[in-house]
Structure formats: C-alpha cells, structure tokens
Amino acid sequence: MSDAKSQGASIVFQSVEKAFHKPDGGYVSAVSDASLTVDSGAITGIIGRSGAGKSTMLRMVNGLERPTSGQVLVGGQDVGAAQGAKLRDIRRDVGMIFQHFNLLASRTVAGNIALPLEIAGVPAAKIKTRVADLIDRVGLNTQSNNYPAELSGGQKQRVGIARALATEPKVLLSDEATSALDPETTQTVLTLLKDINRDLGLTILLITHEMAVVRDIASHVAVIEGGKIVESGKTYDVFTAPQHKTTRSFLSGVTGVTLPAFIKGRMLKSRPSGAAKEVMRVTFAGTHATDPMLALLTRDLGIEVNILAGAVEEIGIKPFGNLLVSLDADKASDARTYLEKHGLLTEVLGYVS
Amino acid sequence: MSANLISLLMEATWQTLYMVAISAVLGTIFGLPLGVFLATSQRGELLSRPVINKVLGLVVNAARSVPFIILVVAIIPFTRMIAGTSIGTTAAIVPLTIAAVPFIARLIENAIREVDSGLIEAARAMGATPLQIIRKVLIPEALPSITLGLTLAVVSLIGYSAMVGAVGGEGLGDLGIRYGYQRFMPDVMAIVVVILVVLVQLVQSVGEWIAAKVDKRAPKGRGQ
C-alpha cells in the first residue's frame, strides 16, 4: 500500500431526521429535515453551536447514529440501512478524527496507527510498511515508539489523523478535531488536513463551532441551528453574503469585526428622533474588496463616514473586507444605495444619537 | 521449634499457595469473560443483551452474598462431583473457585467500565467487530486496573483459604486453628499469621509492580 490517489466519495443527506428517545418516553429531535450534498474531494465544514445537531450529522455518516428517517449516502451507499459486515466495510472507507483524540493509552504511536489495519485483517508485514508511511506523512518519525501520554495535543491529533488514514478511506470525518488545541497547533493540524485533501483527494467533512476553522480550510460550509441547516454554500459566498442571523453571529466572531463597547452600549434598534447616526456593516467582496469605496463615497456624495472597526481577510485566495461604520442617519439610505450599486453589501445594525 | 513443626509449616504454606494459585487461575479463566460480558451487555452497549445481563447480575450477586464458610459446606455434593472427593486441598479448590469467579467478574466489570467510551466509538468507527473491540481495545486499556483487581482477588483468596480447613482443606489457616488454637500453641499461631502477612505483602507488591509496568497512561508516575 502506498499513498496512491484514492478518490473521494460524495456524502448526501436526504431529508434526514434524527430523534432520540428520552428517558421519560418522549422524543427529542436532534436533526430535522436536513438535506445537504457534500461534494467528492471537497473540504466541507458544518458549523453550529453545541447542541445544534452537527455532531449527530457527522455520526450518521459512519453509522454511529442511524437516521430516524431519510437517507445518508456515502459514495452512493445507504449507511443507515447497512448492517453488520456491510456497515463495517463502509466504515473502513470513512476515517474519523476526534476532539479528544481517542487514542489507546496502552499502545504506542505505531501501535495506534496499526489498529485499524489489524481490525481490517491486513497482514503484519504490510501493516509495518503502511504504518511507517503514515508516520512519515504526519511527521512523527521520532515519536513512533512513544505512548500517547508522552505526546503534546498536536502530536496526538497527528496520530489520530494517521490512524484515520490507515485504511485509505474515501472520506475523512473530523469531529471538532482542533477544538482542544491551542491556536498555533490548530493551524498546523489544519494545514496537514489541507495537504491530505490535496494529495489524496479524499472528501473531508468537519464539524466545528469556530468560523476560523471553516475560513481556513473549508471550500464549502453549512450552518446548522436547532437541528436544521439554515444556510449552506461555498464558503466565500456565505462569508461575504450571509443570509441567516446565526451565520452572521458566527461571522462577527471570526472576522474580529465587532462594535467597540462604547458604541454597542448606547446603540438603539430603531432611529431616535432628532440628529442620529446610523451604524452599518459594509462588506467588500470579490473584485471590490480592495477598492477605496468609502473615499469615493465621500467624494461623490459628500457623506462623511466614521470607521468603527474593520478588517480585510482571505478565504482561500480571495480577499474580502468587513467594515463597521457610522454616518449621518439622514444620508444613510443614499450611502447604502451608492455602495450597493458598486457591488458592496450593507447591513443596518442600529442607531446612536 | 521442632523440625517436625517446621516441615508442617512449610507444607501448609505450600498447600495455601497451591489452593490460592489454582483457584485464582480458574477464577480468572471463568471470571474474565463473565466480567467482560457484564460490562458490555447492558442495553445499548456493545453486546446489548439486557435480559441475560440482568439474570447473570442477579446470579453473581447471589453467589457473592453467601458467606464463604456456608458456601464451602453448601456445595459439598458439587465439590464431590467435580473433584471426586469433598475432603482435602484439591477439593477445597472447588469452593474457592466458585467464590472467586463472581468476585473477579465484578472487578473485571468495573475495570472495563472505566475505559473511555470514546475509544469504543473510535474502534466502531474503524469497522471493528464487538469481539475485536473487546480484545484489542477494552482488555488492553483496562489491563492496569484488571491487574490491581486480580491482586485484590488473590489477597481475598488467601483469606478465604484459611476457612477451608472446615472441609479438610488444610493450608496455613487450618494449621493455625488446629495447632495454635486447639492445641494451645500460640507460637504456631503467631508464625502462621506472620507468614500470611508476608504472603499478602508480597502479592500486593508484585501486583502493583505489574500494574505500574502495564500502565502507559502516565509514564512519569502519578501525581507528579
């Protein structure tokens, strides 16, 4: 076995519903009417708060949970309907990594990576060369005989990734894989995942509560809230033109563009009487991301703009900018029209008097 | 002390070791699978057999609530059936084993339950069968606490073995009672107690040493 290009498989959720029994005999719905197509070979992120149902979504892909109704198809195979040996075969095509790594404390790095191969009945000699390849790929050559207790969090997750790749799966599931890691380690693990996706062409489906993770590696994103998928699409499109309020609130966290406290404290939902300023979010996407639009606004319409917060970010290789500004409420609607005419997005956040 | 007494003590020590060793091995052979089954057969678990789990749990509890000395006497017909006789050191292994199995089963059950459920999930996600999960994940991961549990079981068996004198099981306990108590030889009693104390210490130390050896969870020692 080598790291030959293994084709990814697509994942399709078809009106999936998952309800759990409660001890008192009732039901609690974790996922309801969720439909989502995860393209083969893409990195897709499902983002949601804890309890939103994202973990359940992920666990239905390898049959750790079965949908109550609807179908989950991996490479065209119905996971929910598979049993016994059939299900185990599907699972060998779907690797999984975990927030808390779930490594065996009793096995070394090499032993942990060998586990799925032993389970699949691969001959010992083959296991040895395959494990050596994988250890090399995740850069743990000097730690192969160490036990997990002797590794850092980032190293443990590398073992987790190597283990998940051992059986040459078509899909890799990531269950909050970086949530227990510090920001720097998170970046190295995300880079590793990106490299694996590029080199092996396998599909990666990850769940996270951090928009930054989605921004950094996912080409597609689905936002889940209360068990429903409220928004999905290409990451760039969702980031630059979020439709749902949940998406917006996730984004305000990640872009680092939040209102300063002194404004937030006295902001009003509706316009007060008398002189007031309107606070709005302006999003620059695509070709306009680097244009000096606010300067042009002042020049063309004579409207003065206060910048409250802002940043320019990259998603993939495409930049997009995000500004929070305040301006005279009387002229705000003209300004919005002008900016939107030039391809920018605006959103009214509130007013200050 | 007479040479005769010394040889009696040596023989009794050997008999105790023999009874305890054989019953501990047999107890583990039967108790390990039983304990693993008890730990994995509740509703929704790996082997999910809730009814059998309940029944076995009741049987184990019942066996554990019978005082050992009563168990020894109560199962005399069974002992005769298995060992061919109901008297002697070999016969005593039967009640010792019967007492050890449910005890060891519960210890193993507890050890297995301590294994992080995330590991079971990871193994299931790899496509492991329940048997593979037990063999490759649960038992190896529980090994440090299984070792400590078995140590506890052996220590208990040393205590139990003192009671099988009631059915001619001989061994150290029996010697202590017959010579130390019934023949008023307190020095024999004292020596017997000392030997038992040393045996228990030895077993405990060896058990802890092995447990530390197989424990890879904290390589530089606990609490440091």
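Protein chains get the first letters and strands the later ones, always in sequence-line order, with residue 1 at the start of each.
- For CZ of B:R113, the number of neighbouring non-hydrogen atoms (other residues, nucleotides, ligands) closer than 6.0 Å is greater than 12.
- Heavy-atom distances place both the backbone and the side chain of B:E141 under 4.5 Å from chain A.
- For A:I97, no part lies under 4.5 angstrom from a heavy atom of chain B.
- From A:F98, atom CZ reaches atom CG of B:L119 across 9.0 Å, with rounding to the nearest 0.5 Å.
- Within the 4.5 Å cutoff, side-chain heavy atoms of A:R163 are placed close to those of B:M126.
- Here the CG-NZ distance, from A:N146 to B:K216, works out to 11.5 Å after rounding to the nearest 0.5 Å.
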Can I get a per-line list of side-chain donor-acceptor pairs under 3.5 Å for residues 116-125 of chain A, giving both atom names and the distance, sequence neighbours left out?
unit_1, atom_1, unit_2, atom_2, d
A:E118, OE1, A:R107, NH1, 3.4
A:E118, OE1, A:R107, NH2, 2.9
A:E118, OE1, B:K136, NZ, 2.8
A:E118, OE2, A:R107, NH1, 3.1

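- A side-chain donor-acceptor contact under 3.5 Å links A:R92 to the backbone of B:G127.
- Note: B:I120 CD1 to A:N102 CG = 10.5 Å, rounded to the nearest 0.5 Å.
- Between chain A and the options B:V115, B:T129, B:V214, B:D116, the largest number of non-hydrogen pairs under 4.5 Å is found for B:T129.
- One distance of note links OG of A:S106 with CD1 of B:I139; it measures 11.5 Å at 0.5 Å rounding.
- Taking A:I90, A:L103, A:L173 one by one and counting their heavy-atom pairs under 4.5 Å with chain B, the maximum is reached by A:L103.
- Taking B:E121 as the reference, A:R59 meet the salt bridge (charged side-chain N to carboxylate O under 4.0 Å, His left out) condition, with sequence neighbours excluded.
- Summarising the local packing, CZ of B:F30 is surrounded by 12 or fewer heavy atoms from other residues, nucleotides or ligands at distances under 6.0 Å.
- Minimum interatomic distance between B:A125 and A:N62 (heavy atoms only, all atoms of both residues): CB-ND2, 3.5 Å.
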